[in-house]
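Labels below follow one simple rule: chain letters A, B, ... track the order of the sequence lines, proteins then strands, and each chain is numbered from 1. What you see below is based on every heavy atom in this structure, not just the backbone, and it leaves out hydrogens, waters and symmetry mates.
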Amino acid sequence: MAKEPRCPDKFTAVNELARRRGFFWQSYEIYGGVSGFATYGSLGARLKQNIERKLRELFVNKLGILEIESPVITPERVFEASGHIEHFKEPMVGCLKCKKRFRADHLVQGCVKISEAEAEKLTLTELKEMIEKNEIHCPECGGTFDEVKQFLTMFKTTIGPYSDAVGYGRPEAAQGIFVEFKRLYGMAREKLPFGAMQIGRALRNEISPRQGLLRLREFTIVDLEFFFDPEEPDCYMLTDVENERLRLLLAETRLKNSEDLTEVTVKEALKKGYIKLEWQAVFMALATKLLNDLGVPAEKQRFIEKLPWERAHYSLQTFDQEVLVERWGWVEVTAYACRSDYDLKRHTEFSGQDMYVFKEYEKSVEKEQLVIKPIMSKLGPIFKKEAAEVAEMLSKTDAKEVEASLKNSGHYMLGKYKILPEHVGIQREKIVERGRRFIPHVVEPTFGSDRLFYVALEYAYRVKDDRVLLSFPRDIAPVQVGVYPLLSKDGLPEKALPLHKMLVDEGFVAEYDEAGSIGRRYARADEVGIPLGITVDYDTLNDGTVTIRDRDTWKQVRSRIDELPELLRKFFGWKINFEDLGNPI
RNA sequence: GCGGUCGUAGUCUAGUUUGGCAGGACAUCAGCCUCCCACGCUGACGACCCGGGUUCAAAUCCCGGCGACCGCACCA
């Protein structure tokens with residue numbers, strides 16, 4: 001861009017630049033485009049991969065989280081179990097007169113004395129009845145409403161040729177992890193805590209997505225499910241991050257209509273009970289660092305605690321990590337939910353599969369216990385065919401209760417059966433408990449990949465001397481180095497081309513450009529955020545040195561070609577800075 | 001989904017009121033020039049959102065659709 005357009009806001013500027021230079025654009029453009037879908041171009045695809053690589057480095061490599069990939073299409077039963085069928089839709093009504101649409105349950109709740117939870121439980125016909133009975137009219141124009149209809153925000157399809165085999169595009173990647181819990185637990189060598197993560201596409205049929213990458217109908221989500229023993233919720237890496245600062249906007253503050261931040265260390269946040277779980281706080285600290293590494297300074301981030309009615313149906317406490325963007329204000333980029341044992345419990349219930357884990361005590365516990373031993377030789381003659389059932393019921397009954405009853409009244413009423421002392425033997429037995437069985441609890445950090453992408457792009461966007469440049473952190477820049485002959489004559493291209501090839505062979509993402517003036521090429525490279533430009537000039541022909549130019553400061557240093565691979569590797573690994581790459585010019 | 005505003009090359013735009021050969025700038029590409037920050041010169045590529053109607057003739061007028069932007073309801 002030669003001239004600056006008249007002050008468009010950053011969102012517009014970033015979207016235009018992204019389209020022009022191939023980061024991303026709206027999909028299906030030749031058919032007019034469809035809202036809520038985006039296509040990433042080559043630079044964008046690479047930037048996105050680099051951001052996702054950082055997530056993998058952090059979670060998979062450093063924390064040993066297991067990464068999986070599971071299908072997008074999911075059978076209905078899974079979302080019945082997870083609660084999505086029940087919760088992932090909204091009852092809506094439209095006004096016949098002014099055509100405005102409203103959430104039916106919100107309307108009813110506003111006119112009738114019922115709680116939010118009760119309103120949400122109402123069926124469509126109940127809602128319709130309530131609206132009719134209470135003569136609820138359109139709050140805008142006083143008109144009457146049409147039918148109450150559910151808007152399901154999941155994409156529905158059928159699996160195979162049978163229309164009754166209903167499937168849905170997953171609205172989150174988390175269920176793909178929960179349904180595989182048994183296998184994953186095995187892969188974690190049956191030890192808690194452990195985590196599983198997946199980076200994948202999710203689908204949500206948004207009503208009106210009009211915020212570019214910030215609200216897509218098909219998007220990339222990163223769901224990390226971290227499983228732990230609720231009786232041992234402490235985090236072994238708390239000490240690594242306990243002094244990191246968190247910027248919290250707590251629910252109690254929000255209820256006072258305030259947006260004041262509570263700035264505390266991880267340690268304080270836990271001590272004061274702002275954050276319920278250590279792992280939760282630790283993940284939040286890690287995410288703060290991650291966003292910082294993506295170019296978003298700490299003061300542009302905050303964690304907002306969701307109010308009870310804002311939380312997803314499975315969550316006990318949720319924080320959203322928000323980033324301040326110019327056009328939209330605070331935008332949610334990641335979220336931290338305490339899912340407790342909700343999902344595994346539900347899948348246990350719906351699938352009939354046992355999702356309990358067994359944890360052996362360090363020392364087995366010996367316990368003395370009262371045990372009822374039915375004496376079959378006595379029970380048989382009395383209860384005949386029903387004897388087996390009686391014995392079964394007896395063994396499930398609390399022994400203390402039976403003992404007390406026999407002692408006090410001489411018998412015990414087991415339902416309709418009268419049990420006498422001679423029918424049972426009550427003994428004290430020593431039993432050895434080797435461990436306990438329980439369903440693990442879950443904390444879930446989740447990341448919107450496309451939103452991370454957008455904020456990285458917006459925070460990289462800078463204007464210097466009327467020129468646009470993308471100041472990506474060097475390790476996420478989609479192209480690492482540009483190689484340029486100063487002029488496209490006098491043997492300079494012949495020297496620069498092999499240099500480019502050498503860098504590519506060494507594993508760098510390098511681009512070669514000899515079109516136009518050197519200034520124009522630097523400008524083009526700055527605009528897509530290439531951190532370093534390497535220029536072959538006339539001195540190169542004599543002494544084998546090149547200039548290296550810094551994207552952000554436009555400073556230059558001179559270095560030897562044969563030292564480049566080593567120097568660049570150190571530079572991109574954050575081991576050295578630009579000034580260490582050579583002699584200043 | 002509703003209301004308002006608006007759709008002309010990759011981008012910005014002239015033309016739409018009053019129907020009559022769709023023009024410019026920047027970008028891109030090719031070449032010339034050029035010893036470090038979007039110089040200059042020559043040339044090339046490239047557009048009326050889609051569909052229907054009115055008309056001898058539609059970018060222009062009418063209808064429908066799609067999309068975008070700005071405001072209301074959902075969300076990573």
### Summary
On RNA chain B, more 5' by nearest nucleotide between A:Gly516 and A:Lys306 is A:Gly516
### Message
Between A:Ser517 and A:Ser449, which residue's closest nucleotide on RNA chain B lies nearer the 5′ terminus?
### Response
A:Ser517
### Message
What's the gap between B:rA58 and B:rC75 when it is taken at their C1' atoms, as a whole Å value?
### Response
44 Å
Compare side-chain N and O positions of [X] against OP1 and OP2 of [N] and report whether any pair is under 4.0 Å apart.
X: A:Arg521; N: B:rC37; result: no
X: A:Arg311; N: B:rC75; result: no
X: A:Gln26; N: B:rA68; result: yes
X: A:Arg524; N: B:rU28; result: yes
X: A:Arg204; N: B:rC74; result: no

### Query
So what does A:Thr446 touch, heavy atoms closer than 4.0 Å: a base, only the sugar-phosphate, or nothing?
nothing
### Query
Hey, does A:Leu216 reach any base, or is it just sugar-phosphate, or nothing, if we go heavy atoms under 4.0 Å?
base
### Message
Using the six-membered base ring of B:rC36, report whether A:Tyr522 stacks on it, requiring centroids under 5.5 Å and planes under 30° apart.
### Response
no
#### Entry: Donor-acceptor pair under 3.5 Å, A:Arg549 side chain vs B:rC37 base
yes
Report, one line per pair, each donor and acceptor closer than 3.5 Å where one atom sits in a side chain of residues 483-490 of chain A; sequence neighbours left out.
from: A:Asp490; atom 1: OD2; to: A:Tyr538; atom 2: OH; distance (Å): 2.3

### Query
Within 45 degrees of the axis of the six-membered ring of A:Phe571 and under 6.0 Å from its centre: does A:Arg474 put its NZ or CZ there?
yes
### Task
Give the minimum heavy-atom separation between A:Arg524 and A:Arg21, together with the two atoms involved.
O-NH1, 3.2 Å
### Message
Could you tell me how far apart A:Leu214 (CG) and B:rC69 (C1') are, to the nearest whole angstrom?
### Response
15 Å
## Note on the structure
Those stems involving RNA chain B that have three or more consecutive Watson-Crick or G-U pairs, both distances under 3.5 Å, are B:1-7 with B:66-72, B:10-13 with B:23-26, B:28-32 with B:40-44, B:49-53 with B:61-65
### Atom pair CD1/CG of A:Ile561 and A:Leu503 - distance to nearest 0.5 Å
9.0 Å
## Note on the structure
Note: contacts of residues 218-225 of chain A with RNA chain B (heavy atom, under 4.0 Å) are A:Phe219
